[in-house]
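Here the structure is laid out as structure tokens; the discussion comes afterwards.
Ligands are counted one by one from 1 in listed order, and the atoms in each one are counted from 1 as well. By convention here, the first residue in the shown sequence is residue 1.
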Amino acid sequence: MENHLEKNIEQTLAYHERTKHHYYRYAHAPGYMDWDTQPHPFRFYEGTSSTQLPFLKDKQPAKYIELYERSRNHINEFSLKHIGAFLELSMGLSAWKSISETKWALRINPSSGNLHPTEAHLILPDMNENAGGVFHYDPFHHALERRAELSKIVWTEMEGYYKTKGFFIALSSIYWREAWKYGERAFRYCHHDVGHALAALSFSANLRGWKVTYLNTLSDKELRTILGFNQVSWIEHEEEHPDLLCFVHSHKNSKIPLSFPSETLSYFSDIKFQGTPNQLSKDHLDWDTIGDVSQATLKSKTEAKTFEWDANPYFPQEFQFSAEQVIRQRRSAVAFDGKTTISKSQFLAMLDKTLPRQQSAPFDLGLFDISIHLLLFVHRVEGMEPGLYFLVRNPNEYNLLKEKSSSEFQWKKIHEYLPLYLLKTGDFRQIAASVSCGQEIAGDSSFSLGMIARFDKEIKKAPHNYRTLFWETGMIGQVLYLEAEAHDVRGTGIGCFFDDPVHEILGVNDNSYQSLYHFTIGGAVEDIRLMTHPPYHHLESTS
Ligand SMILES: Cc1cc2nc3c(=O)[nH]c(=O)nc-3n(C[C@H](O)[C@H](O)[C@H](O)COP(=O)(O)O)c2cc1C
């Protein structure tokens, strides 16, 4: 057992090391786009019955801040109407883009390379005339594909167990989708995307007055059974890997069990799942390193963990957009203008939103202790000297961070309550772009950042934490995407960066802290060659 754990730790750390981009070589990848094997952007379970979900008809009045705060939300019933709205504003389509003959869909949740490896599955009770069951969410049709039926008794048992009504949502990843383009580093990107999706779900649920709670005791093996993945005949390389299961409920204040009732679990192993996953690509490359790290980072059954955060109010701000507008208009900037300046108060408010709060989406879903900090390259923020700054998201780590990083840093606290420190003044535009694989978006923005994880300590505790760290970065990324829109600028996630050169900037020369994800925010330059089409116009033309 001990040896097994040691081996998994070693393999996880080795994967991380091997998939670093360096100035002198990128992580192993195909190096070109093989369009002949490009994965189909949508997963369907062929042979299942599909129920189209209703679309939101009216504009949603909720203000942007209501995405975060729970106190003002009105609780909606669990019905297909509201589950449709929940999915439409989290995992649905946001638009189509086209240029000459090429057309592609964008989604509410972002994804590296727009490849969307993350799938959502729901376990629903009977709702009015709609029978419950296990469903796959098909975002192309905004529909639920029924993969299994569930007996009423199961729901009665579950409601007794959780002592409240609700339903489940699970996420899974198709690694091949990202590996097709990014090769070995793809495992990292898939787990960023899980984090983005998780935050998107938490926000959207909050608009319904619901709360998403991560059931952190479950093992991946149990989740495979619950989702019936062990009954599916997967095409080699195209399997879905279970990521997590959440309970969605309206029990705002009380604690709910963070597990799945064991009698119900055995029921799931006996039910019959239907449907055949569609073929995504006609051929595949075998990235066995991804198979290895996936295996090494599997989650076993664990004790329930709960987390308590402060309940500090957010910085007071007035926003011109509603919550729905911000969610729908979220896009990645492909270029920045190199001149837009944001104000210091906007900058501080954006950072403030990345801090977890009690009774506030998305971080109260109970993922993890806070392990990610922000190394900030401030380029154009009015009232702030350009330079290198640090947001210590977990104050317990201030001393260690200080000890591990460059002794030249000032660590000058620049705000009374926000744990934000000036490390060093200077012009970091070139450096930020250079370490971001030479992408100008990191230097032409108002600010960019690296998400610095408490690293080897977490991996040594449990290799599965490798995934959770990426989920946390994705959640922060989702907050930043929305914050950028709310402040009338734009963001972009940056998965491509040179790992160790970032650590050199920080002055960290061991595995104690590692940069896992980058982000940039500023004034976007639109690509005017692209045409934009409504998200579900393709359904209108076929009906
Ligand atoms: C995890 C992650 C990594 C990304 N990395 C990069 C990157 O390195 N460079 C870039 O230009 N865009 C990057 N993006 C932006 C995606 O390409 C973008 O999200 C995708 O094309 C979908 O477009 P949308 O965000 O407008 O919906 C990244 C996005 C995510 C979520």
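- Separation of atoms CG (L376) and CD1 (I452) is listed at 9.5 Å; rounding is to 0.5 Å.
- Close approach to D193 involves these atoms of ligand 1, each under 4.0 Å from a residue heavy atom: 1 (C), 31 (C).
- Y314 carries R357 over the face of its six-membered ring, with the cationic atom under 6.0 Å from the centre and within 45° of the normal.
- From the protein, the heavy atom lying nearest to atom 16 (C) of ligand 1 is S111 O, 3.5 Å.
- Every atom of ligand 1 with a heavy atom of G495 under 4.0 Å away is listed here by number and element: 3 (C), 4 (C), 5 (N), 6 (C), 7 (C), 8 (O).
- For ligand 1, the polar-atom distance check finds no N/O of Y189 at less than 3.5 Å from any of the ligand's N/O atoms.
- Remark: minimum distance from atom 10 (C) of ligand 1 to any protein heavy atom is reached at Q439 OE1, 3.5 Å.
- A cation-pi contact, defined as under 6.0 Å to the ring centre and within 45° of the axis, is absent between K20 and F498.
- Checking only distances, C496 does come within under 3.5 Å of ligand 1, N or O to N or O.
- For atom 19 (O) of ligand 1, the nearest protein heavy atom (residue, atom name, distance) is S332 OG, 3.1 Å.
- The part of I441 lying near ligand 1 is the side chain, judged by heavy-atom distances below 4.0 Å.
- When only non-hydrogen protein atoms are considered, atom 17 (O) of ligand 1 lies nearest to G113 N, 3.5 Å.
- With a 4.0 Å heavy-atom cut-off, ligand 1 is reached by no atom of S94.
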Side chain to side chain donor-acceptor pair (under 3.5 Å), that's the test. Do D193 and S111 meet it? Break it down for me. CA-CA 6 Å; D193 285 3; S111 163; 2.6 Å; yes
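- Here L106 has side-chain heavy atoms under 4.0 Å from ligand 1, and that is the only part of it that gets that close.
- Atom numbering of ligand 1 starts at 1 in the shown order; those under 4.0 Å from a heavy atom of I494 are 5 (N), 6 (C), 7 (C), 8 (O).
- Protein heavy atom closest to atom 6 (C) of ligand 1, with residue, atom name and distance, is G493 O, 2.9 Å.
- A cation-pi arrangement, defined by a distance under 6.0 Å to the six-membered ring centre and an angle within 45 degrees of its axis, is present between R393 and F363.
- Atom numbering of ligand 1 starts at 1 in the shown order; those under 4.0 Å from a heavy atom of H196 are 31 (C).
- Proximity of F497 to ligand 1, defined as any heavy-atom pair under 4.0 Å, is not found for any part of the residue.
- Of all the heavy atoms of H518, none lies under 4.0 Å from any atom of ligand 1, so neither backbone nor side chain is involved.
- When only modelled atom types and interatomic distance are considered, E145 and H136 share a side-chain donor-acceptor pair under 3.5 Å.
- With Y513 as the aromatic partner, K404 does not meet the cation-pi criteria of under 6.0 angstrom to the ring centre and within 45 degrees of the ring axis.
- Each of E458, R454, K457, E397 was checked for a side chain to side chain donor-acceptor pair (under 3.5 Å) with S371, and the lone residue meeting it is R454.
- Judged purely by distance below 3.5 Å, without hydrogens or angles, the side chains of S173 and D243 pair a donor atom with an acceptor atom.
- Atom 27 (O) of ligand 1 has its closest protein heavy atom at R330 NH2, 2.8 Å.
- Among H142, R43, H121, the one residue that satisfies the side chain to side chain donor-acceptor pair (under 3.5 Å) test with Y137 is H142.
- Looking at T473 and H192, their side chains do bring a donor and an acceptor atom within 3.5 Å of each other.
- Heavy-atom proximity to H192, at under 4.0 Å, picks out these atoms of ligand 1: 1 (C).
- For atom 29 (C) of ligand 1, the nearest non-hydrogen atom from the set S112, G477, C437, A442 comes from S112.
- I476 contributes atom CD1, which lies 14.0 Å from atom OH of Y481 (distance to the nearest 0.5 angstrom).
- Considering only non-hydrogen protein atoms, atom 22 (C) of ligand 1 sits nearest to N114 OD1, 3.5 Å.
- Taking the centre and axis of the six-membered ring of Y175, the NZ or CZ atom of R188 falls outside the cone set by 45° and 6.0 Å.
- Less than 6.0 angstrom separates the ring centroid of H16 from the ring centroid of F455.
- The R331 neighbourhood of ligand 1 comprises atoms 26 (O), with distances under 4.0 Å to a heavy atom of that residue.
- Listed by number with element, the atoms of ligand 1 under 4.0 Å from a non-hydrogen atom of Y481 are 15 (C), 19 (O), 29 (C).
- Counting heavy atoms under 4.0 Å from ligand 1, residue T492 touches it through the side chain alone.
- When hydrogens are left out, the protein atom nearest atom 2 (C) of ligand 1 is Y517 OH, 3.3 Å; that is the closest non-hydrogen contact.
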